[in-house]
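This report concerns only the one structure given below.
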Amino acid sequence: MEVARAGPDRRSETIVRQPSDSQDGTVPAPNIEQVIEDAAASLRRLQHDDGHWLFELEADATIPAEYVLLNHFLDEIDPETEARLGVYIRARQADHGGWPLFPGGAFDISCTVKAYYALKLIGDDPEAPHMVRARKAVLAAGGAARCNVFTRITLALFGQVPWRAVPSMPVEMMNLPRWFPFHLDKVSYWSRTTIVPLTILLALKPRARNPRGIGIAELFTTPPEREWHFFPRETLTQWSFLTLDRVLTVGEKAIPGGVRRRAIDKALDWCMTRLNGEDGLGAIFPPMANVVMAFDALGYGSDHPPRRTARRALDLLLTKPANGSQYCQPCVSPVWDTGLAALSLMECDGEDDRRAADDSLPWLADLQIRDVAGDWAAMRPDAPPGGWAFQYRNDYYPDVDDTAVVAMALHRADPETHREAIERAAAWIVAMQNENGGWGSFDAENEHYSLNHIPFADHGALLDPATADVSARCMSFLCQIGYSRQHKTVAKGLAYLLAEQEENGSWFGRWGTNYIYGTWSVLCALNAAGENPASSAVRKAVAWLEAKQRADGGWGETGDSYYAERIERSFDVVSTPSQTAWALLALMAAGEVQSDAVQRGIDYLCRAERQGAKWLEDDYTAVGFPRVFYLRYHGYSAYFPLWALARYRSLMGGNDHRPRYGM
């Protein structure tokens, strides 16, 4: 079985622990120079020969479970791989009996049902203690009928629930005009790429091969065929959309066969145009899996070239086996990892560091998307292409966040050599600004909030609206390359960011957890834009960060901060190196490099245990979708703490106590 394109393996590197030299166990902060030197050297050793970095990207048990389910849908079972995936899934079961969306998180019924089903498919005995605990947790939560829509679609494909448990999404939507209330251009890229192949499956309603005939009837409180409450009906809006959905379901039966066939062909053509080789449709797991199942449902054999390529794209998401365990990643992050690692080493500024950073730049520059007008062009048809994607290739779906980070790295290293690439990136980012002054990640004006209420969108993540963290990165880039506060784009962006500040002084973080990440992002942008550090917005943010510093000198925030009722206690769990680094970089951007809070944070990072390039951090400090999908970037605990330490050293050793760059 093929595995993901992984970097050099450093699993055997020694864990660095700082010895205590006092009776109370207090650990003296080691020399910052030595920590920077050791960590930077280890990070350089992880660089690939072609100049890029790649770290693992880990989600919850859902993706490994879905990989197992896919194999049993297709009857393409690899027992050795499944055994390792089973080890991984079992290890992530929580004390509450189910599976959470991040370590230490609450029970999640959809994740738990998929994990349980995958383990049963692998061969786990339903009466084994871990399976009994999981089953009890699911039944106590109302049974598998309470799962989210995407999980129920999986169960319908396996014949575990009737198709009426699934909302209507007719494949004929491919023919809808843009003025219609629902249109593909009105939802996010991740929704778009997931939905289109899924509509083929919903139209054909294939049955999983499931060669072992495994079911999960025991997870339902009411037999699925007698269950009539798959959808919530708590609000008038839910009732209204559910009624519309029922009308669509009935109406689908009257669609002529020829009309349906042409719509399926149109959906398939759409997927084929964006298939993206071995990087996969959308370069993320859900659409990649859906298109493989769609190929199968349409009768394409396993030796059919597009299907074979799409299948290999999925297998490349598997991590290298380690200690009998393995997992499937939701996607890979080489452009993001490389841009951030390069910026971190630029901050270190040693000769070897600069050389390693410089070696990454041709690799990054070659990946700029210059000749494909992706789906974003539907809203910005006159914008010239010039962005970067998150993955190795994803030409239809560049994002402004990666683009800003890479362009900042190119500009910081050599603005003349990379002038054309930087100017193209700037032109694209300027064009992608929303009317409200902010930026979404992949699309402009993707803010049709009513669509989040349709039954299909019970995860609440159908859209890609402007967010403070992404907008801040765009602002940081534009200001770094010389755009003034008076420039129309910057002025609108600055107004947006200031309006988005929370009452307590923080900013929301859409793609990193959460308020620490958002506040770091915006304070960097405000510094780059020349905001007075004495301004009320900056002072409120500094006061908030200082108030959230923990007794050990670090900062930490769990995924619970995306729930209003859990925000405050999310800061009381644990300090993490990556979030501590964000807080430090934020405070230094606000002119606080000489503050006691910064000194305590630097001491925390110097004391914290490391292994090779990474500070030890098992916590999830990022998100795919708040409350739905959480992430652990394995590179975050390498380049961000190093960056913060190097930034502190450079500011303390110079005359200017505020950063000169956008990040």
Side-chain angles (χ1 to χ4, degrees), residues 1-4 58-100 107-141 143-144 147 150-161 206-220 223-224 285-286 288-289 292-293 296 302 311 314-330:
M1 178 64 68
E2 299 288 346
V3 298
E58 186 175 6
D60 54 70
T62 301
I63 300 296
E66 288 179 349
Y67 184 89
V68 173
L69 285 156
L70 173 69
N71 286 348
H72 286 256
F73 177 92
L74 300 170
D75 191 11
E76 296 178 359
I77 300 168
D78 180 344
E80 292 183 359
T81 299
E82 289 197 356
R84 292 190 294 266
L85 293 169
V87 171
Y88 177 88
I89 294 170
R90 288 182 211 103
R92 273 133 193 89
Q93 188 174 18
D95 291 342
H96 48 56
W99 278 262
F107 167 84
D108 184 82
I109 191 167
S110 298
C111 182
T112 300
V113 167
K114 284 185 176 177
Y116 179 97
Y117 202 173
L119 290 176
K120 193 173 179 183
L121 288 167
I122 290 170
D124 285 21
D125 184 349
E127 297 309 315
H130 67 286
M131 298 290 277
V132 172
R133 290 195 299 118
R135 184 163 63 249
K136 288 181 178 178
V138 170
L139 294 174
C147 288
F150 287 110
T151 303
R152 297 204 305 275
I153 291 173
T154 298
L155 296 182
L157 289 169
F158 276 79
Q160 300 305 295
V161 297
R207 185 70 170 260
R209 288 180 176 79
N210 192 8
R212 298 171 187 169
I214 302 297
I216 53 168
E218 67 272 20
L219 295 187
F220 292 86
F285 182 93
M288 291 160 67
V292 170
M293 290 188 286
D296 184 73
S302 59
R311 172 73 220 210
L314 284 164
D315 294 337
L316 285 169
L317 295 177
L318 291 169
T319 58
K320 288 183 177 180
N323 302 317
S325 180
Q326 184 178 25
Y327 64 92
C328 186
Q329 302 170 101

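We count residues from 1, following the sequence as given.
- Using bins of under 30°, 30° to 60° and over 60° for the plane-to-plane angle, the ring pair Phe285/Tyr67 lands in the tilted bin.
- Between Arg212 and Ile122, the shortest heavy-atom contact is NH1-O, 3.8 Å.
- Ile214 approaches Gln160 most closely through the heavy-atom pair O-NE2, 4.2 Å.
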Given side chain to side chain contact (heavy atoms under 4.5 Å, CB included), test His72 with Phe158 step by step and report yes or no.
CA-CA 9 Å; His72 286 256; Phe158 276 79; 4.3 Å; yes

Val161/Phe220 under side chain to side chain contact (heavy atoms under 4.5 Å, CB included): CA gap, chis, key distance, verdict:
CA-CA 10 Å; Val161 297; Phe220 292 86; 3.5 Å; yes

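- Using a 4.5 Å cut-off on side-chain heavy atoms (C-beta onward), Leu121 and Asn210 make contact.
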Pair Thr151-Thr62, side chain to side chain contact (heavy atoms under 4.5 Å, CB included): steps then yes or no
CA-CA 10 Å; Thr151 303; Thr62 301; over 6 Å; no

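- Side-chain contact between Thr154 and Phe73: absent, with no pair of heavy atoms (C-beta onward) separated by less than 4.5 Å.
- To the nearest 0.5 angstrom, Cys147 atom SG is 12.0 Å from Ile153 atom CD1.
- Neither side chain, Ser325 nor Asn323, offers a donor N or O lying under 3.5 Å from an acceptor on the other.
- The cationic atom of Arg84 (NZ for Lys, CZ for Arg) does not lie both less than 6.0 Å from the six-membered ring centre of Tyr88 and within 45° of the ring axis.
- Leu314 contributes atom CG, which lies 7.0 Å from atom SG of Cys328 (distance to the nearest 0.5 angstrom).
- Residues Glu82 and Asn71 meet the side-chain proximity criterion, which asks for heavy atoms closer than 4.5 Å.
- For the pair Asp296/Pro206, no side-chain contact is recorded, criterion being any heavy-atom separation below 4.5 Å from C-beta on.
- Glu66 contributes atom CD, which lies 12.5 Å from atom CG of Leu85 (distance to the nearest 0.5 angstrom).
- For Pro330, the side chain to side chain contact (heavy atoms under 4.5 Å, CB included) partners are Leu57, Ala59, Ile63, Phe629, Leu631, not counting sequence neighbours.
- Here the side chains of Gln326 and Leu318 are in contact, with some heavy-atom distance below 4.5 Å.
- Distance check, rounded to the nearest 0.5 Å: CZ of Arg90 to NE2 of His130 gives 5.5 Å.
- Counting heavy atoms from C-beta on, the side chains of Tyr116 and Val138 never come closer than 4.5 Å.
- Checked for salt-bridge contact, Arg209 and Glu76 miss the test: no charged N lies under 4.0 Å from a carboxylate O.
- Contact detail for Pro64 and Ala61: the closest heavy-atom pair is CD-O, 3.3 Å.
- The two residues Ala141 and Ile109 come nearest to each other via the heavy atoms CB-CD1, 3.9 Å.
- Pairing each heavy atom of Leu139 with each of Glu218, the nearest pair is CD2-O, 3.6 Å.
- Nearest heavy-atom pair, Ile89 versus Ala115, reported as atom, atom and distance to 0.1 Å: CG2-CB, 3.8 Å.
- For the pair Tyr117/Leu69, a side-chain contact is recorded, criterion being any heavy-atom separation below 4.5 Å from C-beta on.
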Steps toward side chain to side chain contact (heavy atoms under 4.5 Å, CB included) verdict (Met131, Asp125):
CA-CA 7 Å; Met131 298 290 277; Asp125 184 349; over 6 Å; no

